[in-house]
Amino acid sequence: MDIEPVDAAPARAFRRSILRQRWEDLAFLHWPVAPETVMPLLPAGTRPDTLDGVTYVGLIGFRMVGLGLGPGPAVPYFGSFWETNVRLYSVDGTGRRAVVFRSLDASRLVPVLVARVTLRLPYMWSAMRLQRDGDRLAYRCRRRWPGRDGATSRMEIRVGEPIVAPTPLEHFVTARWGLHTRAYGHTLHLPNWHPRWLLHRAELRYLDDELITAAGLPPPVGAPASVLYSPGVPVRFGRPVSLR
């Protein structure tokens, strides 16, 4: 099997978008984890994607803005919210690299319900906020429903200089052009596309997180292997395709 390259700026692989949105003020935290640890947590037909024999678990906080269907207008009020997700990295039998979400905490209940019903994504309704003071950003999350009651996360970063030449690891955890999910007896690949990331290195100033362990993963050991920030990108999603 040929695995697709880690491409930071591929051509758009689909003609028609079913969803569009913008991701803003993203903080990416990543820790290494053994592939055999995450293998049981991935959808059927996928396996852990690795870099130098290691895979990663990510904790990502950001703001979702202007969620809309196809070419239509953004959904008022419900289309913008805070989100924090815990994700893993996967590859399927055709060689497509993607992410697998173990949890997605969002601050609007309606998008949570829609995503859970349509694609069976593990969205959770949470109280969330982001505070910014110059180059410092603080992300806070407290889960409301469902899952482990009251699971919380608080992370604070300091944004550094823009990255001119990302490392292989920085490409590996950000240059992702789809997600894998299990829905109604099928493993699906949902492609996405956005312009090349503008990334900054960042410093982790504080972390107190329960979301990773609530997602069925062991607690991270030590400092993250990578801490990044991006001001954001516009994003398009294509139609999901069932794995064969």
Side-chain angles (χ1 to χ4, degrees), residues 1-23 26 28 30-60 62 64 69-70 83 85-104 115-116 118-123 166-197 199 215-217 226 228 230 233-244:
M1 178 184 67
D2 293 328
I3 300 177
E4 65 184 7
V6 178
D7 190 342
R12 183 165 158 174
F14 51 90
R15 293 179 58 190
R16 181 173 297 179
S17 301
I18 63 168
L19 288 173
R20 60 182 178 81
Q21 54 203 241
R22 182 174 177 85
W23 302 333
L26 297 98
F28 300 87
H30 284 90
W31 292 264
V33 62
E36 58 269 21
T37 299
V38 306
M39 182 66 193
L41 305 177
L42 301 182
T46 70
R47 60 179 175 80
D49 195 8
T50 61
L51 178 66
D52 297 328
V54 177
T55 192
Y56 289 84
V57 54
L59 179 67
I60 294 91
F62 64 102
M64 176 88 75
L69 299 175
E83 184 169 321
N85 62 59
V86 175
R87 72 187 197 186
L88 304 173
Y89 297 92
S90 56
V91 61
D92 63 31
T94 68
R96 289 174 297 203
R97 288 185 148 110
V99 302
V100 171
F101 292 107
R102 290 296 299 164
S103 64
L104 305 101
R116 291 179 70 91
T118 56
L119 291 172
R120 309 298 289 174
L121 288 169
Y123 264 93
T167 66
L169 174 57
E170 289 162 350
H171 275 312
F172 181 84
V173 296
T174 60
R176 295 281 149 173
W177 307 103
L179 68 87
H180 288 126
T181 186
R182 189 74 177 172
Y184 302 104
H186 299 276
T187 297
L188 304 177
H189 177 264
L190 182 66
N192 68 48
W193 182 88
H194 56 72
R196 186 186 183 110
W197 287 107
L199 295 171
L217 291 150
S226 174
L228 300 171
S230 177
V233 290
V235 188
R236 300 288 185 270
F237 283 86
R239 293 185 179 278
V241 177
S242 181
L243 300 191
R244 296 183 183 276

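Atom set for the values below is all heavy atoms of this structure, side chains included, hydrogens, waters and symmetry mates excluded.
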* Which atom pair, heavy atoms only, marks the closest approach of Leu243 to Gly45? -> CD1-O, 3.9 Å
* Any donor and acceptor pair, going by atom type alone, linking the side chain of Ser230 with main-chain N or O of Leu199 inside 3.5 Å? -> no
* **Approximate separation, where rounding is to 0.5 Å, of Arg236 CZ and Gln21 CD** => 9.0 Å
* Test side chain to side chain contact (heavy atoms under 4.5 Å, CB included) applied to Phe237 and Arg20, step by step -> CA-CA 6 Å; Phe237 283 86; Arg20 60 182 178 81; over 6 Å; no
* To do: Establish, for the pair Arg176 and Phe172, whether the NZ or CZ atom is under 6.0 angstrom from the six-membered ring centre and no further than 45 degrees off its axis.
  => yes
* Are Arg97 and Tyr89 in a cation-pi contact, defined as NZ or CZ under 6.0 Å from the six-membered ring centre and within 45° of the axis? -> no
* Asked: What are the two closest heavy atoms between Leu119 and Thr181, and how far apart are they?
  -> O-OG1, 3.3 Å
* Of all the heavy-atom pairs spanning Val91 and His180, show the shortest one and how long it is. => C-CE1, 4.2 Å
* **Residue pair Leu41 / Leu217, side-chain heavy-atom distance below 4.5 Å** => yes
* Quick one: closest heavy-atom pair of Ala115 and Tyr123, and the distance? => CB-CD1, 3.3 Å
* To do: Could you check Leu69 against Ile18 for side chain to side chain contact (heavy atoms under 4.5 Å, CB included), going step by step and ending with a plain yes or no?
  => CA-CA 6 Å; Leu69 299 175; Ile18 63 168; over 6 Å; no
* To do: Say whether, by atom type as modelled, one donor and one acceptor occur between the side chain of Arg102 and the main chain of Ala215 under 3.5 angstrom.
  => yes
* **Main-chain N/O of Ala44 paired to Thr187 side chain as donor or acceptor, under 3.5 Å** => yes
* To do: Output, in order, the C-alpha distance, side-chain angles, deciding distance and verdict of side chain to side chain contact (heavy atoms under 4.5 Å, CB included) for Ser90 and Asp49.
  => CA-CA 5 Å; Ser90 56; Asp49 195 8; 5.6 Å; no
* To do: Evaluate the ring planes of Phe28 and Trp197, with Trp represented by its six-membered ring, and classify them as parallel (under 30°), tilted (30 to 60°) or perpendicular (over 60°).
  => perpendicular
Could you tabulate the donor-acceptor pairs under 3.5 Å formed by side-chain atoms of residues 189-196, not counting sequence neighbours?
{"unit_1": "Trp193", "atom_1": "NE1", "unit_2": "Pro10", "atom_2": "O", "d": "3.0"}

* Can you find a pair of side-chain heavy atoms, one from Val57 and one from Leu88, that are under 4.5 Å apart? -> yes
* Asked: What distance separates Arg182 CZ from Arg120 CZ, expressed to the nearest 0.5 Å?
  -> 12.0 Å
* Return yes when atom CZ of Arg12 has more than 12 non-hydrogen atoms of other residues, nucleotides or ligands closer than 6.0 Å, and no otherwise. => yes
* **With Thr174 via side chain to side chain donor-acceptor pair (under 3.5 Å) - residues at least two apart** => none
* **Smallest separation among heavy atoms of Thr118 and Tyr184, with atom names** => O-CE1, 3.7 Å
* **Leu179 vs Leu121, side chain to side chain contact (heavy atoms under 4.5 Å, CB included): CA-CA, chis, key distance, verdict** => CA-CA 10 Å; Leu179 68 87; Leu121 288 169; 4.1 Å; yes
* Of the non-hydrogen atoms in Asp92 and Thr46, which two are nearest, and what is the gap between them? -> CB-CG2, 4.1 Å
* Flag side-chain contact, heavy atom, 4.5 Å: Ile60 against His30 -> yes
* **From Met39 atom CE to Thr37 atom OG1, the distance as rounded to the nearest 0.5 Å** => 12.5 Å
